[in-house]
Structures are given as structure tokens and as C-alpha cells.
Amino acid sequence: MQENLVIVESPAKAKTIEKFLGKEYTVKSSFGHIRDLSKKELGIDISNNFEPHYEIPADKKKVVGELDKLAKSAKTVWLASDEDREGEAIAWHLAQVLGLDPKTTKRIVFHEITKNAILHAVENPRSINMDLVNAQQARRVLDRLVGFELSPVLWRKVKPSLSAGRVQSVAVRLIVEREREIIAFESKDYYRVVADFEIAGANGKSGAFRAELNKRFATEQEAEAFLGKCKDARFTVLNVEQKPSKKNPPAPFTTSTLQQEAGRKLGMSVSQTMAVAQRLYEAGYITYMRTDSVNLSNQALAAAKEEITVLFGAEYSEVRNFKTKSKGAQEAHEAIRPSYMNHRTIEGGPQEKRLYELIWKRTVASQMASAQTERTVVDIAVSGAAEQFVATGEVVKFDGFLRLYSESVEDETGEGEEALLPPMKKGDEPTAQTITALQRFTQSPPRYSEASLVKRLEELGIGRPSTYAPTISTIITRGYVIKESRDGEKRGYTQLTLSKGKIARKTLTETVGKEKNKLSPTDIGMIVTDFLDAQFAAVMDYNFTASVEKEFDEIAMGEKSWPEMIRSFYDEFHSKVDEALESKPVKSSQMHELGIDPKSGKPVFVKIGRFGPVAQIGGAEGDEEKPRFASLKKGQLIATITLDEALALFDLPRKLGEFEDKEVVIGVGRFGPYARHDGKFVSLAKTDDPYTIELPRAIELIEQKRIKDKRMKEPIKIFAEEPGLQVLNGRYGPYIAFDGKNYRIPKGQEPEGLTLEACRAIIAKSKK
DNA sequence: CAGTGAGCGAGCTTCCGCTTGACTT
């Protein structure tokens with residue numbers, strides 16, 4: 001009989017802890033929650049104090065069965081789930097399901113996976129904190145009520161299969177509101193003036209530097225007038241100011257900041273980042289990746305200090321403790337950090353390596369000295385003008401953490417580069433080589449990226465580290481939001497240059513609005529947001545989560561009863577649900593007229609049709625002829641599409657001509673632009689434009705596809721001894737086909753290198 | 001799954017947070 005059973009949430013954690021605890025302890029994992037409200041029904045008895053009905057989901061039965069067996073035969077069961085609301089609830093559900101005796105069941109917690117922390121926890125067990133459990137039940141019940149009452153309202157009033165919830169609906173609202181700001185934004189132009197100066201140095205060598213005028217001009221005329229004044233002006237250094245400044249390293253990674261930096265520096269999506277981090281965690285390279293804590297264990301602090309001293313010298317080390325700023329943080333874990341500070345790199349795929357290195361650098365940098373810089377600001381007067389030029393320079397006196405890491409910023413403008421300035425003093429008279437007035441434009445706020453949306457949600461205290469990635473995928477799969485890149489448009493701008501006493505005017509072009517993987521709302525996203533906002537303002541409020549969190553905290557402190565808290569929310573909420581069910585359905589089929597089609601003379605409409613947003617020519621009242629339809633492209637909105645854009649949609653499908661006596665047709669389908677020939681589809685390349693592509697190129701694509709298909713069908717490997725066994729290429733990668741059945745090849749095995757014995761082993765193994 | 005643009009209307013859809021495999025050809 002096993003003396004002790006310890007139950008944690010994660011299997012990787014269980015493995016590590018088992019090593020620390022020795023032979024008398026078996027450590028198992030619950031794989032997260034083991035019970036939940038029914039999947040199909042509400043699972044809450046509203047008239048009976050919101051009594052929840054919990055079930056063990058089908059995919060948890062096995063784990064629970066195993067734990068039950070072990071618990072029955074153990075003398076002491078230790079519940080070691082995380083120390084937060086959800087962890088406490090997991091412990092309670094385990095105690096309930098496994099029928100554990102409160103007297104012999106011990107609840108233990110630790111924030112870091114170190115031998116000392118765990119031994120200390122084992123020496124200081126407590127019992128389950130029911131107040132904390134109740135706070136979790138309140139959270140769970142509230143989310144269920146909101147989600148399962150709002151969603152059916154949407155099915156009835158807007159469209160089937162839609163969803164709404166405390167987190168996702170607010171996430172969509174953020175994106176909708178940002179889009180509306182962008183639509184309403186009117187860009188204004190202005191002129192900024194930059195001068196390239198030269199100044200004679202002490203040793204006869206001259207130094208060059210750049211300065212910007214402290215005033216921006218509203219019109220070209222004003223800018224030109226100023227350049228005119230500069231023609232014969234004298235430039236005098238008025239003031240030189242030097243100020244030391246200090247830059248501190250950023251805190252170690254949390255889930256949210258890791259997602260942001262991996263997005264910006266490595267171009268990874270939020271879900272990619274989490275998948276790679278999961279692999280690093282399972283391989284033992286990093287600590288747990290779903291955390292809101294910036295805390296590092298003492299052991300980690302000491303290891304970082306040692307590593308920094310070895311790599312850069314003791315003067316680069318500075319031990320720092322960071323404090324969590326984000327709302328609602330529960331801090332059950334450490335920050336995301338390398339398990340071993342002295343492992344600068346790891347074995348693994350390129351993504352694993354890069355993400356690990358990022359985590360390593362960020363963690364180590366957080367324990368490094370501040371960077372010391374000296375900023376110099378020089379004001380330069382212009383004779384005959386009130387404006388002044390300002391040159392700023394920055395010299396790094398001591399690089400500190402910058403030697404290892406600098407945090408990136410989203411949507412950098414690239415303006416205001418800071419360089420080293422040549423020595424100058426008051427009264428010096430630099431000469432202006434060229435003075436340039438550049439037309440610039442004010443910019444609309446940027447669309448959210450996945451990571452910047454996560455950042456905003458975290459600031460609002462909405463969602464948890466484990467839900468950021470799933471929330472994004474939910475709002476995309478529901479069709480509320482799309483992730484899209486835009487090429488941008490060309491725009492001309494004016495440049496005035498004063499050089500050698502003459503002003504030259506030039507028009508240059510630049511690309512604006514180029515975006516990669518940004519989030520924007522769909523028409524349905526906008527309609528649902530407006531509907532919910534009008535009917536359920538309380539839930540859609542950005543502070544809703546924060547205010548219910550406050551109440552959950554009061555429940556956790558034992559100051560409030562959870563059914564009472566839910567009751568005071570629910571009664572008003574439910575009456576709003578009833579009201580909304582009485583309201584008129586949202587007129588999603590309402591048509592907006594864009595204008596007249598010049599070819600047919602008929603009106604052009606856009607509306608939400610059965611299959612989404614659609615443009616329509618004709619079909620006005622009294623028109624006998626059948627209207628023509630064309631679906632809007634991804635990213636086009638009913639609110640903003642122009643007549644020309646709508647008309648362009650009718651140019652597809654296009655017949656290009658014939659190839660091998662069969663028609664070649666270009667269209668745009670669910671998977672993007674395609675060429676259709678002889679009943680087969682070939683996707684166009686990213687560089688091909690469906691509106692301009694010509695027959696020879698389409699034939700090229702069709703022939704390429706044929707070669708590829710043929711290659712796919714050819715077996716990777718066959719064996720003379722066993723002709724029925726083949727290694728083939730399939731949709732999901734290479735696999736083994738044998739005796740009418742297919743077998744996947746385990747990770748880490750090269751399909752080309754498989755021997756017949758190895759294949760048979762794989763088959764035998766999977767048959768078990 | 002690569003178009004579709006009605007009128008019999010069944011039965012279905014959905015939340016947030018904790019955690020990982022299982023498994024498609």
C-alpha cells in the first residue's frame with residue numbers, strides 16, 4: 001500500500017515533484033478541472049439558490065477512475081492544485097468525487113517548483129478553503145448564466161450558432177470600436193522641418209548633426225515661407241543641456257507579455273507561442289507558461305546573478321523583485337523563466353530555440369543593472385524667426401541590461417532617431433547644409449494585433465492566461481472578427497528642400513496602411529456588438545469584469561454569500577433577456593443602396609444574406625428580372641464598401657479560355673482565389689491577382705499541381721518482402737498503409753529512414 | 001469545402017477556466 005498520494009494539476013509538474021518527494025509519495029495529475037456544469041444544459045437550479053449540478057465530463061472519467069483507485073489505497077491524500085480560486089475549486093471537486101475524509105486529506109500549496117518550497121509545503125498543510133471555492137462557484141455560475149442566456153437571444157434575434165459571453169463579447173467590442181475610430185478618422189497633413197547642420201570642431205574637423213524645428217506647419221505655404229526666412233538666416237546655439245537618465249529592464253515574462261514579444265520579435269501568433277511554450281515546458285526547459293506573475297524564486301534570482309557575473313561581470317548584476325500591476329492577477333505560479341539560468345540555448349526545433357532564447361534573455365536581463373545614458377538637448381535659434389531647431393542626442397554611458405535585451409514597441413514610427421551629437425557650446429554658429437520640409441499625415445489609431453488585444457484585455461482584467469489564445473480563436477471562428485493583412489496604398493507627399501540658397505519642390509510617394517495579421521470586425525461582429533450594447537449595457541461595460549471580480553474577492557474573504565451575489569445580478573439580467581426576446585429581430589437583411597451600375601443602369605445594394613455579406617445588382621421593387629449576386633471579400637464591410645469595390649466583385653468568375661479543350665475559370669472561393677479546370681481546383685499563388693491573371697499563368701499553375709499530386713501519390717517507401725505495406729504521403733503527413741488500415745508515424749522518426757521492422761513495430765504498437 | 005441568394009421547417013447551436021492528448025488520410 002502506498003502511503004501518500006499527491007495530486008497536482010499538470011503531469012509535467014507531477015514528474016518533477018515526484019523526484020523531490022522520494023519513495024513514499026506517488027504524485028499524479030488531475031489534468032485541470034475534473035468536474036464541470038453539464039455541457040448541454042444550464043446545470044444550475046435557479047429557483048434553488050443557483051445550486052450547480054456538476055458532472056464528470058466523458059474525457060475525464062478515466063483520470064478520475066485512476067485517481068479514485070489510488071486514493072482508496074493511500075493513507076494520506078495531498079491536494080496540491082494551484083493556490084488560486086480555480087485551484088482551490090479543483091481540490092474541492094477532487095475531495096467530493098474521491099470521497100476524501102476532511103480529517104486525513106491535506107491541502108498544500110507552493111508557488112515554485114523547488115525542493116525547499118515543496119518540503120515546506122508538506123510540513124504546513126491546511127484544509128480546503130470553502131470561501132475561495134465559493135468565489136470560484138460564483139465565477140463559474142455567472143459565466144454560465146451570461147453565456148447560456150445571451151447566446152440563445154442571438155440565435156433568435158440575429159443568427160443561429162452565435163455566441164456571447166463576459167469575455168468574448170467585450171473582446172469583439174474593443175475591435176469594433178477601434179474600427180469605428182479608424183473609419184471616422186480624418187487624416188490631416190502638416191509639415192515638419194528638419195535641418196542638417198555642420199559645425200567646426202576644435203581640431204579643425206567638422207561634425208554633422210540633425211535637428212528638428214519645434215514647430216509644425218499646417219500648410220505648404222507656411223513651410224515654404226519659413227524656408228524662405230532660413231535662406232539668409234544665422235543659426236546660433238542658444239542652450240546646451242545635458243541630463244543623465246536611467247532605463248530599467250522590463251519584468252520577466254508573464255503569459256501576456258510573452259505573447260506580445262513573441263508576436264513582435266518572432267512574428268508568432270498567440271496560439272503558436274503557447275504551443276511552442278508548452279513543448280518547452282514539457283521538455284523541462286522553462287517554468288509553467290500560463291501565469292500572470294512576474295515573481296522569480298530565490299533560487300532563480302541567485303542563478304541569474306551568478307550567470308550575469310560570469311557572462312558580463314558583477315557590475316552588470318542587480319537583483320530585482322518585480323510587482324504585478326495587472327488587475328485580478330492571482331499569481332499561483334512564477335514568472336515564465338528558464339528552468340536553468342545557465343542554459344543559454346537548448347536542443348529543439350527553430351521555433352523552440354528562438355522562443356527559449358527570448359525567455360532566457362528577458363529573464364536574465366530583468367536581473368541586470370539599469371542602463372545609464374546621457375541625453376543632450378541643443379536649442380538653436382534662427383535669426384529673423386521665432387521658431388527654434390532642437391537637436392537631441394543620447395549617449396549610452398553604461399549599457400547595463402541593454403547589452404542583452406531591448407523591448408520592442410508595436411507600430412514604431414521610425415521618427416526621432418537619437419544619435420551622438422558633436423561637441424557644442426552656447427554661442428556656436430553651425431551652418432545649415434540643407435533644410436527640408438516634409439509633408440506628413442496624422443495617423444488613425446492602429447488595428448489590434450492578437451497580442452495587443454491580449455494586452456488590452458489584461459489591462460481591463462478580462463480573461464486569464466489560459467484563455468487568451470482560445471478567446472481569440474473563438475471570436476474568429478464565430479465570424480465576429482477576421483485576422484488579415486493589408487498591402488496598403490500609395491500616397492504622394494511633398495518635400496521642400498532648401499539647399500545652397502534655393503528651394504526645390506518634389507513629390508515623392510510612400511506606402512501607407514500596410515498591415516500584417518491585424519484584427520478587424522466583420523459585419524456580423526458589428527451587428528452583434530450593437531445589439532448586445534443596446535440591450536445588455538451592463539455586461540458589455542469594460543468594467544463589468546472588474547466589478548464582479550471585486551465581489552468574488554469579497555466572497556473569497558468570507559464577507560459575502562455567493563448565491564446572494566448571483567441573485568442580485570441575475571434578476572435584472574434575466575428581465576433584460578426577456579425584454580430582448582420580445583424585441584424585434586435585428587434587420588440584418590436590410591439593404592444599403594450604394595449607387596447605380598453603369599452597365600445595366602440598375603441599383604447596386606449590399607446586405608447580409610444567407611451566406612454572409614453580399615452585393616446585389618438589381619432586384620429593387622418592381623424589377624422583374626432576377627438580381628445578380630456576389631459575396632463580399634474578407635475585410636470588406638457593408639458600412640464602408642464603395643460602389644467601385646462592389647462592382648469589381650462581379651468581375652469574377654472570369655473565363656480565361658481553353659486548355660486541353662476544357663474551360664479555365666478564375667474565381668474566389670472559401671479558400672481564396674482559385675483556377676478551375678476540368679472539375680479540379682488549383683489555388684492561385686499569393687502574387688497572382690484573380691482580376692488580371694492570364695491563361696498561360698493559369699496553365700502553369702494547373703501543371704504544377706499535377707506534378708505535385710503525382711508526387712503525393714508515390715509511396716515514400718516500399719518493401720519487396722512485404723508489398724502490402726507502404727509508407728505514403730497523406731493530408732496529415734506521412735503514414736503507413738497496411739492491410740487496409742493506416743498508421744501514423746510517431747514523432748521523431750524520419751519516414752524515409754524506416755525499415756520494414758520499424759514499420760511492423762509501429763503497427764504492432766498501435767494495435768495494442 | 002471551391003456555388004449558393006428560399007419561403008414544409010426538424011433539431012441543433014452557447015459560456016469561462018483548469019489541463020493535455022487523441023486522431024483524422
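These numbers were taken from a predicted model, which means no experiment stands behind them. Each chain gets a letter, A, B and so on, in the order its sequence line appears, and its residues count up from 1.
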- Identify whether any heavy atom of A:Asp82 sits under 4.0 Å from a base atom; if not, whether one sits that close to sugar-phosphate; answer base, sugar-phosphate or nothing. sugar-phosphate

- Please determine if a side-chain N or O atom of A:Arg290 lies less than 4.0 Å away from the OP1 or OP2 oxygen of B:dT20. yes

- Which part of the nucleic acid, if any, lies within reach of A:Pro627 when heavy atoms closer than 4.0 Å are counted: base, sugar-phosphate only, or nothing? nothing

- Query: NA contact type, A:Ala12, heavy-atom cut-off 4.0 Å: base, sugar-phosphate, or nothing?
  - Reply: nothing

- Query: Taking the side chain from A:Thr474 and the backbone from A:Pro470, do they hold a donor-acceptor pair closer than 3.5 Å?
  - Reply: yes

- Under 3.5 Å, side chain of A:Arg654 to main-chain N/O of A:Pro690, donor-acceptor pair present? yes

- Output yes when at least one side-chain N/O atom of A:Gln136 is less than 4.0 Å from OP1 or OP2 of B:dG17, else no. no

- Task: Compare side-chain N and O positions of A:Ser10 against OP1 and OP2 of B:dC18 and report whether any pair is under 4.0 Å apart.
- Result: no

- Query: Using a cut-off of 4.0 Å on non-hydrogen atoms, how would the nucleic acid contact of A:Arg139 be classed: base, sugar-phosphate, or nothing?
  - Reply: base

- Message: Please tell me if A:Arg166 has a side-chain N or O lying less than 4.0 Å from either OP1 or OP2 of B:dG17.
- Response: yes

- Using a 4.0 Å heavy-atom cut-off across all strands, classify A:Tyr288 as base, sugar-phosphate, or nothing. sugar-phosphate

- Which whole-number value in Å describes the distance from A:Leu42 CG to B:dT14 C1'? 11 Å

- Across the strands shown, which category fits A:Gly165 at heavy-atom distances under 4.0 angstrom: base, sugar-phosphate, nothing? sugar-phosphate

- Rounded off to whole Å, could you give me the CZ-to-P distance for the A:Phe738 and B:dT25 pair? 18 Å

- Item | Residues touching DNA chain B, which here means a heavy atom under 4.0 Å, drawn from residues 460-476 of chain A | A:Gly463, A:Arg464, A:Ser466, A:Thr467, A:Thr474

- Message: What's A:Leu142 touching, base or sugar-phosphate or nothing? Going by heavy atoms closer than 4.0 Å.
- Response: nothing

- Query: Within this structure, what is the CZ-to-P distance between A:Arg35 and B:dC18, rounded to whole angstrom?
  - Reply: 18 Å

- Message: Regarding A:Thr291 and A:Glu334, do their side chains bring together a donor and an acceptor under 3.5 Å, going by distance alone?
- Response: no

- Note on the structure: A:Asp143 has its side chain closest, among B:dG5, B:dT14, B:dC16, to B:dC16

- Assign A:Ser163 to base, sugar-phosphate, or nothing according to its heavy-atom contacts below 4.0 angstrom with the strands shown. sugar-phosphate

- Query: If you look at every heavy atom in A:Tyr281 and A:Ala12, which pair is closest and at what distance?
  - Reply: CE2-CB, 3.6 Å

- Item | Whichever of A:Leu37 and A:Glu86 has its nearest DNA chain B nucleotide further upstream toward 5' | A:Leu37

- Message: Heavy-atom count check: over 12 atoms from other residues, nucleotides or ligands less than 6.0 Å from A:Ile46 CD1?
- Response: yes

- Note on the structure: Comparing A:Pro160 with A:Val614, nearest DNA chain B nucleotide closer to 5' gives the residue A:Val614

- By ring-ring contact (aromatic ring centres under 6.0 Å, His included) - contacts of A:Phe31 (at least two apart): none

- Message: Any side-chain to backbone donor/acceptor pair from A:Arg676 onto A:Val664? Under 3.5 Å, distance only.
- Response: no

- Check: A:Arg140 side chain, B:dC15 base, donor-acceptor under 3.5 Å: yes

- Message: Other residues, nucleotides and ligands only: do more than 12 of their heavy atoms fall within 6.0 Å of NZ on A:Lys576?
- Response: no

- Sequence neighbours left out, what passes side-chain hydrogen bond (donor to acceptor under 3.5 Å, both in side chains) with A:His53? Give chain and number order. none

- From NZ of A:Lys39 across to P of B:dG17 the rounded distance in Å is 15 Å

- Query: CZ of A:Phe148 versus P of B:dC16: gap in Å, rounded?
  - Reply: 10 Å

- When all nucleic acid strands are considered with a 4.0 Å heavy-atom cut-off, which category describes A:Gln168: base, sugar-phosphate, or nothing? sugar-phosphate

- Task: Nearest whole angstrom, please: distance from the P of B:dC18 to the NZ of A:Lys13.
- Result: 12 Å

- Query: So, do A:Trp155 and B:dT14 meet the stacking rule of ring centres under 5.5 Å and planes under 30°?
  - Reply: no

- Query: Tell me: CD of A:Glu458 to P of B:dC16, nearest whole Å?
  - Reply: 18 Å

- Task: Would you kindly give the NE2-to-C1' distance between A:His333 and B:dC18, to the nearest whole Å?
- Result: 10 Å

